[in-house]
Amino acid sequence: MTKVTDRIIAALDTFRIELPSWGFANTGTRFGKFLQPAAAATVDEKFSDAGEVHRLTGACPTLALHVLWDFPDGLASASSVAALADRYGVRPGSINPNLFEEQQYKFGSFGHPDASVRGRAGEHVRDSIAITRRVGSRDVSLWFADGSNYPGTQNIRRRKQWFEEQLRAAHAQLEGEERLLVEYKPFEPAFYHTDIADWGMALHFARAAGPRARVLVDTGHHYASQNIEQIVAWLLDEDMLGGFHFNDRRYADDDLTLGSIDPYQVFRIFHEIQFFAWETGRRADIAYMVDQSHNLKGKIEAMIQTVNTAQQLFAKAALVDHPALAQAQTRCELIAAESLLQDAFATDVRPAIADWRRSRGLPVDPLAAFRESGYLARVTDERKHRLSGISSSSYA
Ligand code: RM4
Ligand code: MN
Ligand code: MN
């Protein structure tokens, strides 16, 4: 075995990607949905589809779940959801509370000026932590739609303080290894201010919450051309990087397939993580999650494509010669340093990934294996009769 193959195999053995349950369901844009007859409608079907992706890729043992959509009876749904894990070979992953869909959240949740709404939002997060524990998961992933649309309409400082209070109270509910992940987003659905607009605010709130809170970086939640790998490097150095929501974008929060627009950026993010591990001897505890919902592509195929791309970019980043890079940086040898990244990025890692798959008893081409498996035809047949009853007019 060559050294390149060894490095790639070692990297892939540590690399696990969590898929989102909502990525298998019919979703769309604010203009409408294009319904797919094979889309999952129940949590059982979402586990089944995720199980298929894991069976073919060997890299996706957990499924991110959404409290409102996947636990219709809250905590009472937890044991039936946990049972699906045994059935489909995929464990529940991060638990995502929903603090944005109900009418009461029109003007916010943790940042709502009405204390009773804030209180109910806090209860929902408390329930979500209980669900997390009951299904044997660890991370509670918080994303807030909170913000305002017009200057002067909200007290930004008060809202910040309410967030601090609520996050501290939520953190106090954690036990053992459980973590709170705090996600930021600069705009949408609020278009004047969002209460957690960037990584600095998320870092502040995670610290205010308590020692088991970390920042979640959604790659689509930045202004155009922002240097995301620098944010990642800073969070690593502060021991505050909790996880990712991966997707790609060209304009805003486009939720396109990972690496479809700018694969070099994903590579640079993975490079910062692996460079950190080499330099410090510590592997950061990072939840790699996908946050994509495919409106046009086949959902399961798009997930397999995503995993494949993520593995390729992670493997390429594992090829950067770290000692040589450290030396070139110290000596300010710019072209030498830059070329170490470019050479790794240009390496064709597909043969080594194929070796890894073969040695783990996985199909060498998971997408082809999926197309040959007959799974899509089977579930299309089982699920298509429901299409007529589903509305195509709303987002979720
Ligand atoms: C947001 C964000 C969250 C996701 C919601 C529905 O843009 O990415 O992670 O849960 O969308
Ligand atoms: Mn996200
Ligand atoms: Mn998003």
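A quick note: this is a predicted structure, and the numbers were derived from the prediction, not measured.
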With a 4.5 Å heavy-atom cut-off, do Phe205 and Phe163 have their side chains touching?
yes
Among the clusters formed by ILVMFWY side chains lying less than 4.5 Å apart, do Phe244 and Val215 turn up in the same one?
yes
Residues that Glu338 engages under side-chain contact (heavy atoms from CB on, under 4.5 Å), provided they are two or more places apart:
Gln342
Between Phe270 and Phe275, does the ring pair (Phe, Tyr, Trp, His ring centres under 6.0 Å) criterion hold? Intermediate values first, please.
CA-CA 8 Å; Phe270 286 151; Phe275 193 35; over 10 Å; no
Are the aromatic rings of Phe100 and Tyr105 close, with centres under 6.0 Å apart?
no
Give the minimum heavy-atom separation between Arg16 and Tyr288, together with the two atoms involved.
O-CB, 3.5 Å
Between Asp218 and Trp143, is there a side-chain donor-acceptor contact under 3.5 Å, judged purely by atom types and distance?
no
Heavy-atom closest contact (Pro113 atom, Arg159 atom, distance):
CD-NH1, 4.1 Å
Do NZ/NE/NH1/NH2 and the carboxylate oxygens of Glu45 and Arg383 come within less than 4.0 Å?
yes
Under 30°, 30 to 60°, or over 60°: which ring-plane class applies to Phe370 and Tyr375, parallel, tilted or perpendicular?
tilted
Between Glu238 and Arg207, does at least one N-O distance fall below 4.0 Å, as a salt bridge requires?
yes
With a 4.5 Å heavy-atom cut-off, do His245 and Thr219 have their side chains touching?
no
Considering only NZ, NE, NH1 and NH2 on the basic side and carboxylate oxygens on the acidic side, decide whether Arg357 and Asp365 come within less than 4.0 Å.
no
Given the options Glu165, Arg157, Arg158, Glu164, Gln161 meets side-chain hydrogen bond (donor to acceptor under 3.5 Å, both in side chains) only with Arg158
State yes or no: do Leu68 and Phe110 share one hydrophobic cluster built from I, L, V, M, F, W and Y residues joined by side-chain heavy-atom distances below 4.5 Å, directly or via other members?
no
Donor-acceptor pair, Arg249 side chain versus Tyr251 backbone, under 3.5 Å?
yes
Verify the distance criterion only: is there a donor paired with an acceptor across the side chains of Tyr184 and His222 at less than 3.5 Å?
yes
Any chance you could lay out the side-chain hydrogen bond (donor to acceptor under 3.5 Å, both in side chains) test for Thr257 and Gln292, step after step, and finish with the verdict?
CA-CA 7 Å; Thr257 312; Gln292 295 170 180; 4.6 Å; no
What's the shortest heavy-atom distance between Gly259 and Thr309, and which atoms?
CA-CG2, 4.3 Å
Partners meeting ring pair (Phe, Tyr, Trp, His ring centres under 6.0 Å) with Trp199 (sequence neighbours left out):
Trp234
Can you name the ring pair (Phe, Tyr, Trp, His ring centres under 6.0 Å) partners of Phe345, sequence neighbours left out?
Tyr264, Phe267
Between Arg138 and Asp285, is the closest basic N to carboxylate O distance under 4.0 Å?
yes
